[in-house]
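Heads up, the thing below is written out as structure tokens.
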Amino acid sequence: MALAVVLPTACASSNGDDSGDGPGADLPTIVATTDIWADVTQNIACGGVVNVVTLTPPGTDPHTYEPSLADRATVANAGLVVANGLGLEASLLDTLEAVEESGTPVFRVGDHLDAITAADDAGEPEDAGDHPEDEADEHDHAAGADPHFWFDPVRVLGTLEALAVAIADATAIAESDIEACLASYTTELETAHAQIVDIVAGLAPQQRVLVTNHDSLSYFADRYGFRVVGTVLPAATSAAEASIAHLEELAEIIEREGVTAIFGEMAHTSATVDSLASQVGDVEVVVLVTDGLGPAGSPNGTYIELLVTNAETVVAALASDG
């Protein structure tokens, strides 16, 4: 008998808790490194017919999260691990490589799309080199690759079929069921992309200027016609630090470009952002939810809600500019 197709509006995953007790204990387990990919995976896996476990706790910065011994056991016991890749999970690289060598399949989403490069200290793109899809290990270690591709739903759409195949290989879900869930979620994500296009359409080109805490919105900018003119932390990781010289240069850019908003991030609030805004004057600090989802039921509680809500927040903050 075919499995029932259930499409939840939010991911019902746990966070590193795979004790084997309670409802769903006998279901196959898929571990996602972040709640964004747990939500995507849960939708493609038809909700409720697999356990989707999120490794990093809610509100945790995946750039800097250090896995515990329990996390290592959770990953090792998974039927499939879904990781962002492109160096996002820097502290998890050894763990992921170890379980992969022992036979646990690891699906790195970033291996299935064309990555763009992060900006270096001078604001120029670093050379990330070529990243063919069959060189997964090099992808995770490639210098300069920007890992924040979830802000481009079109790129993510291009990875979902490969993810669906990995889920099918790791579970007993009928292929027809996964195809139906994939088709439904694809439609939802396409609708979200169209909605973002409409949201951004009312913003004049000269208003589409971004300054962010770290280099996290380059994919959003690339897809929807924005310019990232500077970042407080001069890197694609929140683990970086800003020099005084860099901040002075950024202040000049903000004044020259007429920037009225700096976009901070919920997972890693920075006193440097507030200080910079005060130094420049007449600049608002707007906090976005970027590297993970908000609480269930919040405006950022699912991946699709995260995309749309952030777009609305960005446009609202810049609408009075220019």
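Position 1 is the first residue of the sequence, and the numbers go up from there. Atoms considered below: every heavy atom in the structure, side chains included; atoms not considered: hydrogens, waters and symmetry mates.
V154 is not connected to Y185 by any chain of hydrophobic side-chain contacts under 4.5 Å among Ile, Leu, Val, Met, Phe, Trp and Tyr, and they are in different clusters. Note: the hydrophobic cluster containing V165 does not contain L113 (ILVMFWY, side chain heavy atoms under 4.5 Å, direct or indirect links).
Rounding to the nearest 0.5 Å places CG of N84 at 6.5 Å from CG of L86. Rounded to the nearest 0.5 angstrom, L55 CG and D35 CG are separated by 11.0 Å. One distance of note links CG of L250 with OG1 of T231; it measures 7.0 Å at 0.5 Å rounding. Note that CG of L182 is 8.5 Å distant from CG of L163, once rounded to the nearest 0.5 Å. One finds the CD1 atom of I36 at 5.0 Å from the OG1 atom of T34 (value rounded to the nearest 0.5 Å). Interatomic distance, CD of E175 versus CG of D169, reported as 9.5 Å (0.5 Å rounding).
A donor-acceptor pair under 3.5 Å is formed between the side chain of T41 and the backbone N or O of W37. At distances below 3.5 Å, not a single donor-acceptor pair connects side-chain atoms of E101 with backbone N or O atoms of A98. Under the 3.5 Å distance criterion, the side-chain polar atoms of W150 are left unmatched by any main-chain donor or acceptor of D291. For Y219 (side chain) and P153 (main-chain N/O), no donor-acceptor pair under 3.5 Å exists by modelled atom type. Proximity of a side-chain donor or acceptor of S298 to a complementary backbone N or O of N300 within less than 3.5 Å is detected. E305 places a side-chain N or O within 3.5 Å of a backbone atom of G301 that can act as its donor or acceptor partner. Remark: the backbone N or O of L203 is paired with a side-chain donor or acceptor of R208 at under 3.5 angstrom. Without hydrogens or angle criteria, N310 side chain to V289 main chain gives a donor-acceptor distance under 3.5 Å. In this structure, Q207 contributes its side chain and A319 its backbone to a donor-acceptor pair below 3.5 Å. For D39 (side chain) and T302 (main-chain N/O), no donor-acceptor pair under 3.5 Å exists by modelled atom type.
Listed by first and then second residue, the salt bridge (charged side-chain N to carboxylate O under 4.0 Å, His left out) pairs involving residues 155-165 are D152-R155, R155-D222 (not counting sequence neighbours). Note on residues 190-204: pairs passing side-chain hydrogen bond (donor to acceptor under 3.5 Å, both in side chains), not counting sequence neighbours, are H193-Y224.
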Can you list the steps and then say if L160 with T186 is a side chain to side chain contact (heavy atoms under 4.5 Å, CB included)?
-> CA-CA 8 Å; L160 296 187; T186 295; 4.2 Å; yes

Test side chain to side chain contact (heavy atoms under 4.5 Å, CB included) on L210 and L318 and set out the steps.
-> CA-CA 9 Å; L210 301 173; L318 300 178; 3.9 Å; yes

Stepwise, does the side chain to side chain contact (heavy atoms under 4.5 Å, CB included) test hold for I254 with V211?
-> CA-CA 8 Å; I254 289 172; V211 173; 4.1 Å; yes

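Counting only N and O atoms by type, the side chains of D71 and Y65 include a donor and acceptor under 3.5 Å apart. For the residue pair S216/E265, the side-chain donor-acceptor check at 3.5 Å is satisfied. S218 and D215 form a side-chain donor-acceptor contact under 3.5 Å, judged by distance and modelled atom types alone.
Contact record, A83 with V106: CB-CG1, 4.4 Å, taken as the closest heavy-atom pair. Taking both residues in full, the closest heavy atoms of P147 and G85 are given as CB-O, 3.9 Å, listed atom of the first, atom of the second, then distance. In plain terms, the two heavy atoms of F107 and T159 that are nearest each other are CZ-O, 4.1 Å. Closest of all the heavy-atom pairs between S102 and V99 is OG-O, 2.8 Å. Annotation for T309 and P299: closest pair OG1-O, 2.7 Å, computed over non-hydrogen atoms. A pairwise comparison of heavy atoms in L96 and V81 identifies CD2-CG1, 3.8 Å as the closest pair.
E89 and R108 are not joined by a salt bridge, as no carboxylate oxygen comes within less than 4.0 angstrom of a charged side-chain nitrogen.
With sequence neighbours excluded, no residue satisfies ring pair (Phe, Tyr, Trp, His ring centres under 6.0 Å) with F151.
Checked against the 6.0 Å centroid threshold, F220 and H148 do not count as a close aromatic pair.
At least one side-chain heavy atom of V200 sits under 4.5 Å from a side-chain heavy atom of V315.
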